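Since we're looking at a predicted model, the values are computed, not measured.
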Amino acid sequence: MPTQSITLIMTGASGAQYGLRLLEELVKAKKTITLLISRPAQIVINTETEIKIPSRAADIEVFFSELYGAEPEQLKVYEREQWMAPVASGSGVTDATVVCPCTTGTLSAIAIGSSNNLLERAVDVALKERRKLILVVRETPFSDIHLENMLKLSRMGVVIMPANPGFYHKPESLDDIINFMVARILEHLEIPHEILPVWGS
């Protein structure tokens, strides 16, 4: 069954461009999106990109809906303490969850099931409900702790996808490098795209 609803979580690792480009493609693909952005992620977005997002969830929702041309009700944004959000419960309908970028601190919280805020709880729900979960981890080098946490989650069926773009498609710009990772995420979500040619085509 095609992926229709996605929870996209952006945390404070470098690589905000990956999450923003993914959000743009999800909107374009007409998917229903729940967006959760940590405070550190807001700082990174404002630092690494030309985008200056507001601080409140309601304002972020309006901002990105207008920026990417989302349809009414297509994009929902919640605060990290907004526990009545649908993604906080297993009865909420989300086909897949992507953490992009994913800090190693978030990775650790996921691995131990801490659920200290809505971002962590949404991922915990994805795990317990056995729904598709993709973590785009952004760190280098990895410590033993990072690797052990990734292995633990991989054994649970989580897709561990470090932000590690390939270069065999001969990228000519930063956008080409970003698109490589976003294309790989979309493929794992089974969402068709045209941002990168299929291998061998």
Sidechain-backbone polar pair: [X] side chain, [Y] backbone, donor-acceptor under 3.5 Å:
X	Y	result
S154	M150	no
D95	Q4	yes
E120	N116	yes

Rounded distance (nearest 0.5 Å) linking atom [atom1] of [X] with atom [atom2] of [Y]:
X	Y	atom1	atom2	answer
H188	R184	NE2	CZ	4.5 Å
L189	I134	CG	CD1	4.0 Å
H146	N149	NE2	CG	8.0 Å
L127	S115	CG	OG	9.0 Å
L151	D144	CG	CG	11.5 Å
M181	I195	CE	CD1	11.0 Å

For the student: nearest non-hydrogen atoms of [X] and [Y], plus distance:
X	Y	answer
E61	K76	OE1-CA, 3.4 Å
P101	R138	CB-CB, 4.2 Å
L8	L22	CD1-CD2, 3.8 Å
V125	A88	CG2-O, 3.7 Å
V44	A13	CG1-O, 3.6 Å
I60	P54	CG1-O, 3.3 Å

Say whether [X] and [Y] are linked into one hydrophobic cluster, either directly or through other cluster members, by side-chain heavy-atom distances under 4.5 angstrom.
X	Y	result
Y18	V27	yes
I43	F63	no
V87	L135	yes
I9	M84	no
Y78	I37	no

task = Check the pair E81 / N117 against side-chain contact (heavy atoms from CB on, under 4.5 Å), numbers first and verdict last.
result = CA-CA 6 Å; E81 304 298 332; N117 54 59; 4.1 Å; yes
What I'd like to find out is whether the side chain of [X] reaches to under 4.5 Å of the side chain of [Y], using heavy atoms alone.
X	Y	result
L186	L196	no
R56	E79	yes
L153	L107	yes
E73	T32	no
I110	V158	no
I6	I191	yes
C100	I185	yes
T103	E139	no

task = Anything under 30° is parallel, anything over 60° is perpendicular, the rest tilted; go ahead and classify F64 against Y68.
result =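 It falls in the parallel class, under 30°.
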query = When you look at V137 and F142, which way does the side-chain contact (heavy atoms from CB on, under 4.5 Å) test go after all the steps?
reply = CA-CA 10 Å; V137 184; F142 292 126; 3.8 Å; yes
task = For a side chain to side chain contact (heavy atoms under 4.5 Å, CB included) with M10, tell me which candidate from L36, V99, L20, V136 qualifies.
result =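 Going through the options one by one, the only one that passes is L20.
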query = Do other residues, nucleotides or ligands put more than 12 heavy atoms under 6.0 Å from the CD1 atom of I112?
reply =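 Enclosed: over 12 neighbouring heavy atoms sit under 6.0 Å from CD1 of I112.
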request  = Apply side chain to side chain donor-acceptor pair (under 3.5 Å) to the pair S55 and Q42, showing each step before the final yes or no.
outcome  = CA-CA 7 Å; S55 58; Q42 292 183 28; 5.3 Å; no
key: Candidate pair T106 and L119, rule side-chain contact (heavy atoms from CB on, under 4.5 Å), full reasoning   = CA-CA 9 Å; T106 302; L119 285 71; over 6 Å; no
request  = For the pair R21 and E25, find out whether any cationic side-chain nitrogen is under 4.0 Å from an anionic carboxylate oxygen.
outcome  =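 Result for this pair is yes, salt bridge flagged.
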inquiry  = Could you walk me through whether K28 and H193 satisfy the side-chain contact (heavy atoms from CB on, under 4.5 Å) test, starting with their C-alpha distance in whole Å, then the side-chain angles of each, then the deciding distance to 0.1 Å, before giving a yes or no?
reply    = CA-CA 10 Å; K28 187 186 300 183; H193 66 83; over 6 Å; no
